[in-house]
Protein chains: 2
Amino acid sequence: MSTTLRSACPIASALDLLGDRWTLVVLRDVLLARKRSFSELAAPEGIASNILSDRLNRLVDAGIVTREPDPDDGRRRIVLPTARGLELVPILLDLHLWGTRHTAGTAKPQLAEWVARDREAAIASFLP
Amino acid sequence: MSTTLRSACPIASALDLLGDRWTLVVLRDVLLARKRSFSELAAPEGIASNILSDRLNRLVDAGIVTREPDPDDGRRRIVLPTARGLELVPILLDLHLWGTRHTAGTAKPQLAEWVARDREAAIASFLP
């Protein structure tokens with residue numbers, strides 16, 4: 001995961017940032033599950049905490065999430081999506097639909113049905 | 001890139017297969033650029049041939065592409081997308097749009113404009 005772009009291709013450039021085993025799983029938890037704290041973001045899949053830290057730092061640097069003081073406890077910090085990050089919601093929902101149709105992943109089938117039936121409404125439900 | 005699923009999440013399961021630096025770049029070339037031969041698929045980004053072989057084998061195993069005899073030269077084989085693979089076209093186009101908006105990747109801006117304006121038509125243009 002170099003930060004140097006491989007080419008002028010926007011797909012390759014997006015994958016320079018997002019193309020690994022964990023980044024979009026972390027963003028799933030931020031964008032779809034609305035998890036906010038570091039401990040919540042230690043995904044059910046068991047991401048190592050050093051990898052989680054690294055990916056969050058990269059996502060902050062790329063302007064996809066921000067770290068802000070927790071309004072409930074100013075000593076703690078939470079992760080919030082930016083507008084740029086929220087534009088990844090459609091990609092995550094499309095991956096959810098594709099994964100439901102073509103892999104053994106079976107969680108939240110109603111969400112996949114909703115994306116297939118009315119993608120725009122499903123996307124809007126995850127936006128502020 | 002284990003082939004064991006991490007969880008029941010369809011997003012994580014899709015990324016168990018697609019979540020790396022190269023797989024979706026190879027699929028970009030198969031699905032959007034309609035490249036067919038191994039030599040064509042040695043992407044402009046310079047994928048190592050052993051990585052390309054590995055990714056193509058994984059994609060064949062997952063039923064996303066098939067290898068068929070080249071109709072122009074039966075001694076050679078070409079790579080063709082399956083129906084399951086063609087269902088990744090929307091995800092690639094969404095990544096293209098996101099990358100155009102939010103990374104330094106600038107190739108094919110007209111395609112991003114088309115996806116933003118009429119996503120369904122843009123998707124259909126890449127289907128058989």
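Proteins come first, then strands; the chains are lettered A, B, ... in the order of their sequence lines, and each starts at number 1. No experiment lies behind these values; they were computed from the predicted model shown.
Taking B:His96, B:Glu87, B:Arg84 one by one and counting their heavy-atom pairs under 4.5 Å with chain A, the maximum is reached by B:Arg84. The greatest number of non-hydrogen atom pairs below 4.5 Å with chain B, out of A:Gly63, A:Ala12, A:Gly46, is found for A:Ala12. With chain B as the partner, the residue from A:Ala62, A:Gly99, A:Pro44, A:Ala112 showing the most heavy-atom pairs under 4.5 Å is A:Gly99.
Residues A:Val25 and B:Arg6 are in side-chain contact: their nearest non-hydrogen atoms beyond the backbone lie under 4.5 Å apart. Between B:Leu18 and A:Leu95, the closest side-chain pair of non-hydrogen atoms falls below 4.5 Å. Residues A:Lys108 and B:Pro10 form no side-chain contact, since every pair of their non-hydrogen atoms from C-beta on lies 4.5 Å or further apart. At least one side-chain heavy atom of B:Asp16 sits less than 4.5 Å from a side-chain heavy atom of A:Arg21.
To the nearest 0.5 Å, atoms CD (A:Glu45) and SG (B:Cys9) are separated by 6.0 Å. Residue A:Glu120 holds its CD atom at 7.5 Å from CZ of B:Arg119, rounded to the nearest 0.5 Å.
Residue contact with chain B, scored on non-hydrogen atoms closer than 4.5 Å, is absent for A:Leu111. Contacts of B:Ser13 with chain A are made by both backbone and side-chain atoms, with heavy-atom separations under 4.5 Å. With a 4.5 angstrom heavy-atom cutoff, A:Leu32 touches chain B only via side-chain atoms. Using a 4.5 Å cut-off between heavy atoms, B:Leu88 touches chain A through backbone and side chain atoms alike.
Partner of A:Leu92 under the side chain to side chain contact (heavy atoms under 4.5 Å, CB included) criterion, chosen from B:Asp94, B:Ile91, B:Ile11: B:Ile11.
Contacts of A:Thr66 classified as side-chain contact (heavy atoms from CB on, under 4.5 Å), with partners at least two apart in sequence or in another chain: A:Glu68, A:Leu80, A:Thr82.
Annotation for B:Leu5 and A:Gly105: closest pair CD1-N, 4.0 Å, computed over non-hydrogen atoms.
Note on A:Phe126 and A:Ile78: separate hydrophobic clusters, where clusters join Ile, Leu, Val, Met, Phe, Trp and Tyr whose side-chain heavy atoms are under 4.5 Å apart, directly or indirectly.
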